[in-house]
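Below is one structure; the comments refer to it alone.
Position 1 is the first residue of the sequence, and the numbers go up from there. All values below were derived from every heavy atom in this structure, side-chain atoms included, with hydrogens, water molecules and symmetry-related copies excluded.
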Amino acid sequence: MKFSKKLSASLLVLGLGMSASAYAKSELAGYYIGIDGRINIPSGTYAGLPEPNSGNLTLLLNHGNHYHGIGAYSYTGPAASPSINDTNSNNRIPEISALNPRPPLELNWGSGSLYSGKLTSQNNPSAVYGNLTFARVDTLAGHETGSEEQILFNSSSNRWSTLLGTTSIGLQLISATPGLSIGNEQNTNLFANGNTLILDTYLDNGFAPIFWTAANAAAGTYTAEFRLIGLNDESINSGRFYFDFAPVAVPVPAAVWLFGSGLFGLLGLKHKHKLGFA
């Protein structure tokens, strides 16, 4: 019985290694933190009105040669007397629209000493949304013309090219579905000491949160709601945004089961010889 448990654990670990995402991630971060430099809205219902998100921290999805702002401040109501929302209609990861609905990001079998046996975002197969690394837009500045960094940094007519410099930034966890936790490679609970994580040092060294649930988590969508906080100036706080996940029990690859079956066969043969059978 003890050997069976050890073998099961070994097969699980081997399966984890083989289930890692196959797509090649860009060396750039999947998400950036910037400040909205747009002064007025150029078109649409509220054309000509001041940009309600101007000067605020904003989560930016890296979309190759441009960003998608996620959860920016926005207007609602008639153009003559609009109200300001602290989020917008494009405030979720993965992005959701009526024409192009997307499922939540998958939580698959985790790896490493902290996450083995958990369902995590570590090996997410989404090429657009699964690169859960975060950086300041500053890291894109100063690169040669035509480079991937320069094109992204100067996109949208330099709307997001204001440097953050020494701006102190926090990530506030507003709410989370029970059972969903947020850690990183060193710590399974980054919000253990409060609902706001100071990002400064994390962003200096590379911020890569790991979202996870227990292996037996119930099926469904697990959501974390955040905002970016100006720790020295709350007037630059971002709008609210959400990350959606769903636990997915990934079967151990067939090759592993074949390996296991062969190993069990060898062990059975060895056991028969010990007992005096052919």
d(Y115 OH, Q122 CD) to nearest 0.5 Å is 7.0 Å

Residue pairs passing the salt bridge (Lys or Arg N to Asp or Glu O under 4.0 Å) test with at least one member in residues 210-221, sequence neighbours excluded, are none

Hey, could you give me each pair passing salt bridge (Lys or Arg N to Asp or Glu O under 4.0 Å) that has a residue in residues 215-224? Not counting sequence neighbours.
none

Please examine the side chains of N232 and S168, heavy atoms only from C-beta on, and report whether any two atoms are closer than 4.5 Å.
yes

Side-chain donor-acceptor pairs under 3.5 Å in residues 72-84, sequence neighbours left out?
residue: S74; atom: OG; partner: T87; partner atom: O; Å: 2.6
residue: Y75; atom: OH; partner: P50; partner atom: O; Å: 2.6

Members besides I174 in its Ile/Leu/Val/Met/Phe/Trp/Tyr cluster (side-chain heavy atoms under 4.5 Å):
none

With no hydrogens and no angle check, just 3.5 Å: does a side-chain donor-acceptor pair link T145 and Q150?
no

What residue pairs, at least two apart or across chains, pass salt bridge (Lys or Arg N to Asp or Glu O under 4.0 Å) with a residue in residues 180-208?
R136-D204

How far apart are the closest heavy atoms of L119 and V248, and which atoms are they?
CD2-O, 4.0 Å

Minimum-distance pair of heavy atoms, taken over all atoms of I33 and L57:
CG2-CD2, 4.2 Å

Non-hydrogen atoms of L105 and L132 that approach each other most closely:
CD1-CD2, 4.4 Å

Is there a path of hydrophobic side-chain contacts, each under 4.5 Å between heavy atoms of I/L/V/M/F/W/Y residues, joining I39 to L49?
no

Got a second to check how far S238's OG is from I35's CD1, nearest 0.5 Å?
11.0 Å

Starting from I198 and following side-chain heavy-atom contacts under 4.5 Å between hydrophobic residues (I, L, V, M, F, W, Y), which residues can be reached?
I229, L231

Checking D233 now: which residues fulfil side chain to side chain donor-acceptor pair (under 3.5 Å) with it, not counting sequence neighbours?
S235

With a 4.5 Å heavy-atom cut-off, do F134 and Y32 have their side chains touching?
no

F153: which residues meet the ring-ring contact (aromatic ring centres under 6.0 Å, His included) condition with it, sequence neighbours left out?
none

Verify side chain to side chain contact (heavy atoms under 4.5 Å, CB included) between Y242 and I93, making sure each step is shown before the conclusion.
CA-CA 6 Å; Y242 304 80; I93 297 294; over 6 Å; no

Tell me whether N187 contacts the main-chain N or O of A192 through its side chain, where contact means a donor paired with an acceptor under 3.5 Å.
no

Go through the steps to decide whether L152 and W160 satisfy the test side chain to side chain contact (heavy atoms under 4.5 Å, CB included), and finish with yes or no.
CA-CA 9 Å; L152 184 57; W160 308 104; over 6 Å; no

State whether D244 and R102 are salt-bridged, where the test is any N-O pair (Lys NZ or Arg NE/NH1/NH2 against Asp/Glu carboxylate O) under 4.0 Å.
no

Step-by-step side chain to side chain contact (heavy atoms under 4.5 Å, CB included) determination, T167 to I236:
CA-CA 10 Å; T167 301; I236 67 170; 3.8 Å; yes

Side chains of residues 211-222: which donor-acceptor partners sit under 3.5 Å, not counting sequence neighbours?
residue: W212; atom: NE1; partner: T188; partner atom: O; Å: 3.0
residue: Y222; atom: OH; partner: A218; partner atom: N; Å: 3.3
residue: Y222; atom: OH; partner: A218; partner atom: O; Å: 2.8

Between S155 and N65, what is the shortest heavy-atom contact and its length?
CB-O, 3.4 Å

Is the backbone of G230 close enough, under 3.5 Å, to the side chain of N237 for a donor and an acceptor to pair up by distance?
yes

Report the distance from atom OG1 of T162 to atom CG of D138, rounding to the nearest 0.5 Å.
9.5 Å

Between L190 and L197, the two heavy atoms sitting closest are O-CD1, 3.6 Å

Kindly give the heavy-atom pair with the smallest separation between T196 and G170, and that separation in Å.
CG2-CA, 4.2 Å

Side chain to side chain donor-acceptor pair (under 3.5 Å) involving Y67 - partner list, sequence neighbours excluded
none

Got R92 and I70 here, is their nearest side-chain heavy-atom distance under 4.5 Å?
no

Take L228 and F241, measure what side chain to side chain contact (heavy atoms under 4.5 Å, CB included) needs, and give me the verdict at the end.
CA-CA 9 Å; L228 297 164; F241 52 89; 4.1 Å; yes

In terms of ring plane angle, is the pair H68 and H66 parallel, tilted or perpendicular, where the classes change at 30° and 60°?
tilted

Taking T177 for the side chain and L180 for the main chain, is one N or O donor matched with an acceptor at less than 3.5 Å?
no

Verify, without hydrogens or angle tests, whether S156 (side chain) and N154 (backbone) share a donor-acceptor contact under 3.5 angstrom.
no

d(N193 CG, N195 CG) to nearest 0.5 Å is 11.5 Å

For residues 37-57, which residue pairs qualify under salt bridge (Lys or Arg N to Asp or Glu O under 4.0 Å), counting only residues two or more places apart or in two chains?
R38-E51, E51-R159

Just verifying a value: how many Å separate L59 CG and L171 CG, rounded to the nearest 0.5 Å?
9.0 Å

To the nearest 0.5 Å, what is the distance between CZ on F245 and CD on E106?
11.5 Å

What ring pair (Phe, Tyr, Trp, His ring centres under 6.0 Å) pairs are there with at least one residue in residues 177-204, not counting sequence neighbours?
Y202-F207

Taking S116 for its side chain and S113 for its backbone only, find out whether a donor-acceptor pair lies under 3.5 Å.
no

